[in-house]
**Q** 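Please find one structure pasted underneath; my questions will follow.
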Amino acid sequence: MPTAARLVAALCLALLAFIVSEQVKPQLPEGTDFGYFNWVNSGLGVLCGWLVMGPRAGRGFVGGINNGLTGVGALLFWGLFVHGAYEMFRLAMRNRYDGPFDAVLAIFEEGVEFGTALLVPHILITLLIGAVLSGLATDIAWKRWR
């Protein structure tokens, strides 16, 4: 059921995903074609906000912070998984894998490679502050518009 908390959580994580996507671009190899990178991440932010954070709203101050951290954790997991799967599919079309097991394993290997680009202090700080603010904004929206 649509609620204000779900909407606020979706918008907050979409905005955070867009901001972090812009911060990640300089960390990736030069000449990388980003295509719909920002929009895919923002879409994942909307889904994680709506499905993960929204239903967990209304548990107080500390619960709101934990909710934000959980939402950002889910966003990171699904973002790395989706981009790893896309990269695996792109390489599979070039016959880079010996079999299906190698291709499935490559999803996680590619995700870990993309995850190393996130291990920069300013990106980690942005994720942490964004998680706290998103969780608190979702909790405030739940209290204000029940």
Side-chain angles (χ1 to χ4, degrees), residues 1-92 97 100-146:
M1 175 171 219
T3 62
R6 284 180 183 233
L7 178 64
V8 168
L11 292 175
C12 285
L13 282 190
L15 178 65
L16 179 64
F18 194 88
I19 292 168
V20 170
S21 296
E22 286 296 323
Q23 289 180 337
V24 166
K25 286 181 179 181
Q27 306 303 322
L28 296 176
E30 188 174 327
T32 302
D33 179 25
F34 291 103
Y36 295 108
F37 182 70
N38 290 2
W39 302 110
V40 168
N41 290 337
S42 295
L44 289 171
V46 167
L47 288 174
C48 287
W50 190 271
L51 299 173
V52 176
M53 286 181 63
R56 292 177 175 84
R59 297 184 182 170
F61 181 76
V62 174
I65 293 172
N66 289 336
N67 191 15
L69 293 172
T70 302
V72 169
L75 174 63
L76 289 173
F77 171 79
W78 286 111
L80 292 173
F81 182 79
V82 166
H83 291 295
Y86 176 78
E87 185 66 16
M88 178 278 300
F89 185 75
R90 189 181 69 77
L91 293 174
Y97 303 114
F101 184 73
D102 291 337
V104 171
L105 187 61
I107 293 173
F108 299 102
E109 291 172 354
E110 295 294 332
V112 168
E113 283 183 34
F114 290 139
T116 58
L118 298 172
L119 299 177
V120 180
H122 71 276
I123 294 175
L124 293 174
I125 290 169
T126 303
L127 287 170
L128 183 63
I129 292 172
V132 170
L133 293 177
S134 296
L136 292 176
T138 302
D139 195 56
I140 290 169
W142 183 85
K143 288 177 185 172
R144 183 159 174 89
W145 297 294
R146 285 192 199 187

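If you read the sequence from its start, that first residue is 1, and numbering goes on from there.
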**Q** Supply the atom-to-atom distance Thr70 OG1 to Asn66 CG, rounded to the nearest 0.5 angstrom.
**A**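 The OG1 atom of Thr70 sits 6.0 Å away from the CG atom of Asn66.
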**Q** Above 12 or not: heavy atoms from other molecules or residues under 6.0 Å from CZ of Phe89?
**A**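 No - once you tally the heavy atoms of other residues, nucleotides and ligands closer than 6.0 Å, there are 12 at most.
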**Q** Which value, rounded to the nearest 0.5 Å, describes the distance between Leu124 atom CG and Ile129 atom CD1?
**A**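 It comes to 11.0 Å.
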**Q** Does a side-chain heavy-atom distance below 4.5 Å link Ile125 with Leu128?
**A**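 Counting from C-beta outward, Ile125 and Leu128 never come under 4.5 Å.
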**Q** Could you measure the distance from the CG atom of Leu76 to the CZ atom of Phe81? Nearest 0.5 Å is fine.
**A**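 It is 15.0 Å, given to the nearest 0.5 Å.
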**Q** Does a side-chain heavy-atom distance below 4.5 Å link Val40 with Tyr86?
**A**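 No. Closest side-chain heavy atoms not under 4.5 Å.
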**Q** With side chains defined as the heavy atoms from C-beta onward, is the minimum distance between Asp139 and Asn67 less than 4.5 Å?
**A**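 Not touching, per the 4.5 Å side-chain cut-off.
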**Q** Work out which heavy atom in Val8 is nearest to a heavy atom in Ala141; give both atom names and the distance.
**A**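 In this case the closest contact between Val8 and Ala141 is CG2-CB, 3.6 Å.
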**Q** Check whether Asn41 reaches the backbone of Phe37 with its side chain - one donor and one acceptor, N or O, closer than 3.5 Å.
**A**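 Looks like yes, one N/O pair under 3.5 Å.
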**Q** Distance-only check: which donor-acceptor pairs under 3.5 Å involve side-chain atoms of residues 103-120, not counting sequence neighbours?
**A**
{"residue": "Thr116", "atom": "OG1", "partner": "Glu113", "partner atom": "O", "Å": "2.5"}

**Q** Do you know the tightest heavy-atom contact between Ser21 and Asn38?
**A**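 Heavy atoms of Ser21 and Asn38 come nearest at CB-OD1, 3.1 Å.
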**Q** Please determine whether the number of non-hydrogen atoms from other residues, nucleotides or ligands lying under 6.0 Å from atom CZ of Phe18 exceeds 12.
**A**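 Check passes, neighbour count above 12.
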**Q** Of all heavy-atom pairs between Leu75 and Leu44, which one has the smallest distance, and what is that distance?
**A**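 Scanning both residues, the minimum pair turns out to be CD1-C, 3.7 Å.
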**Q** Distance from Ile19 atom CD1 to Glu22 atom CD, nearest 0.5 Å?
**A**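 Spacing of CD1 (Ile19) from CD (Glu22) equals 9.5 Å.
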**Q** Determine all donor-acceptor pairs shorter than 3.5 Å in which one atom belongs to a side chain in residues 47-59; sequence neighbours excluded.
**A**
{"residue": "Arg56", "atom": "NH1", "partner": "Val52", "partner atom": "O", "Å": "2.6"}

**Q** If I compare all heavy atoms of Gly130 with all of Ser134, which pair ends up nearest, and what's the gap?
**A**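 Minimum heavy-atom contact is O-OG, 2.7 Å.
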